[in-house]
Student: 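There's a structure below that I have some questions on.
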Amino acid sequence: MTQPLRVTADIAEADVRPLAARLGAEVRNLRLSGDLSAEVIEAINGLLLRHKVIFFRGQEHLDDAEQERFAVRLGGLVPHPTVGALKGTASILELDSGRGGGRADQWHTDVTFVDAYPKYSVLRAVVVPAFGGDTIWSNTAAAYARLPAPLQRLADELWAVHSNAYDYAAVKMQGSEADRKHFEDVFTGTIYETEHPVVRVHPETGERTLILGNFVQRFAGLSKGDGQKLYDLFQSHITAPENTVRWRWQAGDVAIWDNRATQHYAVNDYGEQHRVVRRATVDGDVPVSVDGRRSVTRVKTSKSAVAKAA
């Protein structure tokens with residue numbers, strides 16, 4: 001069961017404004033900082049478990065160091081496993097549309113190509129275009145809960161292989177010269193393949209959530225064609241409009257989401273305008289399937305080996 005909403009002297013119930021029926025809430029009148037009380041941090045965690053993604057406007061006081069100072073209160077921070085951390089930080093990933101990055105316009109859960117993929121992501125808007133550039137989140141727990149029972153039983157038994165080789169191949173074949181140069185500069189060279197259950201049991205709420213998104217390459221034991229049909233079927237439930245919430249960014253906004261129970265999509269509708277967001281990532285745990293098995297990383301290999309095989 002989802003934990004009940006907890007409010008404190010610093011977070012009044014009236015300051016928590018739900019944005020959609022199935023996920024998303026804006027939290028008003030709270031200044032994020034590393035000095036927040038343990039009670040407030042506990043309340044933020046409870047709001048995340050309840051709403052899956054929460055938003056804070058007016059956080060322009062946060063710089064990279066303050067963003068990390070706050071985020072570490074939610075758990076240990078980790079850099080991106082293949083890109084590393086922004087210079088001068090311990091964990092921050094910068095997504096800058098002006099340097100070949102930041103247009104994550106595919107539905108995904110962050111970093112599912114590793115076994116213990118992130119628990120929470122804390123995203124801060126630094127440069128926001130005059131129009132466009134929204135982000136959409138979906139609730140993968142609600143999607144599972146609303147599947148017909150036969151599809152739930154099928155999903156419970158399925159396992160899928162996730163890999164970041166998708167990123168490398170996509171940029172190599174479709175990216176601009178600038179995109180390819182940026183990717184070569186920042187990518188550290190490790191390709192992962194990890195096998196996850198399609199359904200994991202959330203370690204804090206007990207909910208069953210779907211682990212899919214664009215890092216999925218194939219389903220274990222199924223042909224590519226059959227796997228693609230099943231992927232499309234389950235993804236259509238995850239991304240159904242009534243299962244989503246959309247956020248229109250302003251500079252200084254912060255979004256925090258439970259990466260174990262959501263997917264998200266950065267809408268690429270802002271043309272050549274500049275968009276910069278910076279993400280601090282809270283370390284996660286290895287997913288456990290409904291029958292108690294744990295995800296396993298099957299392959300770790302170098303980028304050069306993948307390039308030769310491509």
Side-chain angles (χ1 to χ4, degrees), residues 1-79 89-92 109-111 116-125 135 137-142 145 200-209 245 247 252-264 278-288:
M1 295 290 291
T2 302
Q3 292 185 2
L5 174 64
R6 295 183 179 181
V7 293
T8 72
D10 296 290
I11 305 178
E13 191 165 0
D15 287 332
V16 180
R17 183 174 72 94
L19 300 176
R22 297 184 186 173
L23 81 164
E26 180 183 353
V27 181
R28 298 175 172 178
N29 300 319
L30 184 67
R31 181 183 171 93
L32 299 180
S33 76
D35 298 325
L36 291 172
S37 70
E39 185 183 23
V40 172
I41 295 299
E42 184 180 4
I44 288 172
N45 188 74
L47 290 169
L48 279 165
L49 297 179
R50 181 184 180 99
H51 294 287
K52 313 305 183 194
V53 55
I54 56 178
F55 306 95
F56 303 81
R57 295 230 191 252
Q59 306 299 317
E60 295 88 348
H61 62 282
L62 292 177
D63 58 14
D64 295 338
E66 279 297 308
Q67 181 179 358
E68 287 192 309
R69 235 180 120 230
F70 164 73
V72 77
R73 299 291 304 282
L74 300 173
L77 301 185
V78 289
T89 74
S91 68
I92 287 180
T109 296
D110 286 335
V111 200
Y117 61 86
K119 171 183 178 178
Y120 292 148
S121 291
V122 181
L123 191 68
R124 173 172 59 101
T135 303
W137 282 263
S138 66
N139 183 339
T140 62
R200 73 174 291 180
V201 179
H202 194 290
E204 294 184 75
T205 67
E207 295 171 302
R208 295 185 180 187
T209 72
V245 67
W247 184 251
D253 287 357
V254 170
I256 312 172
W257 63 92
D258 187 342
N259 197 54
R260 303 161 297 180
T262 57
Q263 286 186 23
H264 57 282
R278 291 180 179 168
R279 187 180 84 206
T281 303
V282 177
D283 201 8
D285 55 347
V286 177
V288 176

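For the numbers below, each heavy atom of this structure counts, side chains included, while hydrogens, waters and symmetry mates do not.
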Student: Are the side chains of Asp15 and Leu30 in contact, using a 4.5 Å heavy-atom criterion?
Tutor: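 No - every pair of side-chain heavy atoms lies 4.5 Å or more apart.
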Student: So, are Arg124 and Glu66 salt-bridged, with charged N and O less than 4.0 Å apart?
Tutor: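 No, Arg124 and Glu66 are not salt-bridged.
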Student: Examine distances only and state if a side-chain atom of Thr109 and a backbone atom of Thr262 form a donor-acceptor pair shorter than 3.5 Å.
Tutor: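 Answer holds: yes.
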Student: Do Arg200 and Asp285 have side chains that get closer than 4.5 Å, going by heavy atoms?
Tutor: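 Contact flag for Arg200/Asp285 side chains = yes.
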Student: How far does CD1 of Ile11 sit from CD of Glu42, to the nearest 0.5 angstrom?
Tutor: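 The distance works out to 10.5 Å.
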Student: With side chains defined as the heavy atoms from C-beta onward, is the minimum distance between Glu26 and Phe56 less than 4.5 Å?
Tutor: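 Not in contact.
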Student: Not counting sequence neighbours, which residues clear ring pair (Phe, Tyr, Trp, His ring centres under 6.0 Å) with Phe55? List them please.
Tutor: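 Listed in chain order: Trp137, Trp247.
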Student: Side-chain contact, heavy-atom cut-off 4.5 Å: Val27 with Ile44?
Tutor: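 Heavy-atom side-chain distance check fails, nothing below 4.5 Å.
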Student: Measure the shortest side-chain to side-chain distance between Ile256 and Val53 over non-hydrogen atoms and say whether it is less than 4.5 angstrom.
Tutor: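 The answer is no; the side chains never approach within 4.5 Å.
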Student: Verify the distance criterion only: is there a donor paired with an acceptor across the side chains of Arg279 and Thr281 at less than 3.5 Å?
Tutor: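 Arg279 vs Thr281: donor-acceptor pair found between side chains.
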Student: Quick check: do Leu123 and Trp257 have side-chain heavy atoms less than 4.5 Å from each other?
Tutor: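 Side chain of Leu123 against side chain of Trp257, heavy atoms only: contact under 4.5 Å found.
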Student: Once you round to the nearest 0.5 Å, how far does CZ of Arg260 lie from OG1 of Thr205?
Tutor: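 Output value for this atom pair is 7.5 Å.
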Student: With the side chain counted from C-beta on, respond yes when Val245 and Lys52 share a heavy-atom pair under 4.5 Å apart, and no when they do not.
Tutor: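 Not in contact.
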Student: Mark yes or no for whether Gln67, through its side chain, and Arg278, through its backbone, hold a donor-acceptor pair below 3.5 Å.
Tutor: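 Yes; at least one donor-acceptor contact below 3.5 Å.
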Student: Is it true that His264 and Asp110 share a donor-acceptor pair across their side chains at a distance under 3.5 Å?
Tutor: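 Yes, His264 and Asp110 have a side-chain donor paired with an acceptor closer than 3.5 Å.
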Student: Taking the side chain as every heavy atom from C-beta outward, state whether His202 and Asp258 have any pair of such atoms under 4.5 Å apart.
Tutor: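 When only atoms from C-beta onward are counted, Asp258 and His202 do touch, with a gap below 4.5 Å.
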Student: If you round to the nearest 0.5 Å, how far is CG of Leu36 from CZ of Arg31?
Tutor: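 Reported to 0.5 Å precision, the distance equals 10.0 Å.
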